[in-house]
Amino acid sequence: MDDQKQQLAVAGVSAFLLVGTVVVVNFLNLVEGVLPTGWFALWRDFTWPLGLGLIFSAAGVTHFTLKDTYASIVPPRGAWGG
């Protein structure tokens, strides 16, 4: 992929992440506003740590058990125009 296409791809992914983050944050604010006082915080404090912990633990384990898969994610030297 030439440099210009890479730059456009990175810009597109960055824009998608930015817009997606704004959408999710606004959705969570909406949910917090609809629920009775304290329910959102209770839900967040008791469910998010477990889910995120499982995701990060699984990523940590697979980082070592599927080393070749993770290594193939890294582009070869010069792929970013360097």
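Predicted, not measured: the structure shown is a model, and the values here were computed from it. For the numbers below, each heavy atom of this structure counts, side chains included, while hydrogens, waters and symmetry mates do not.
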Side-chain donor-acceptor pairs of residues 27-39 under 3.5 Å, sequence neighbours excluded:
residue: N29; atom: ND2; partner: V25; partner atom: O; Å: 3.3

Ignoring hydrogens and angles, write down the donor-acceptor pairs under 3.5 Å from the side chains of residues 10-23, residues two or more places apart or on other chains.
residue: S14; atom: OG; partner: V10; partner atom: O; Å: 2.9
residue: T21; atom: OG1; partner: L17; partner atom: O; Å: 2.7

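Placement of V24 and W48 within a single hydrophobic cluster is found when ILVMFWY residues are connected by side-chain heavy-atom separations under 4.5 Å, directly or transitively.
For residues 54-71, every residue pair satisfying the side-chain hydrogen bond (donor to acceptor under 3.5 Å, both in side chains) rule, not counting sequence neighbours, is listed here: T62-Y70.
Between F64 and G60 the shortest heavy-atom distance is CD1-O, 3.2 Å.
D45 CG to L50 CG: the interatomic distance, rounded to the nearest 0.5 Å, is 13.0 Å.
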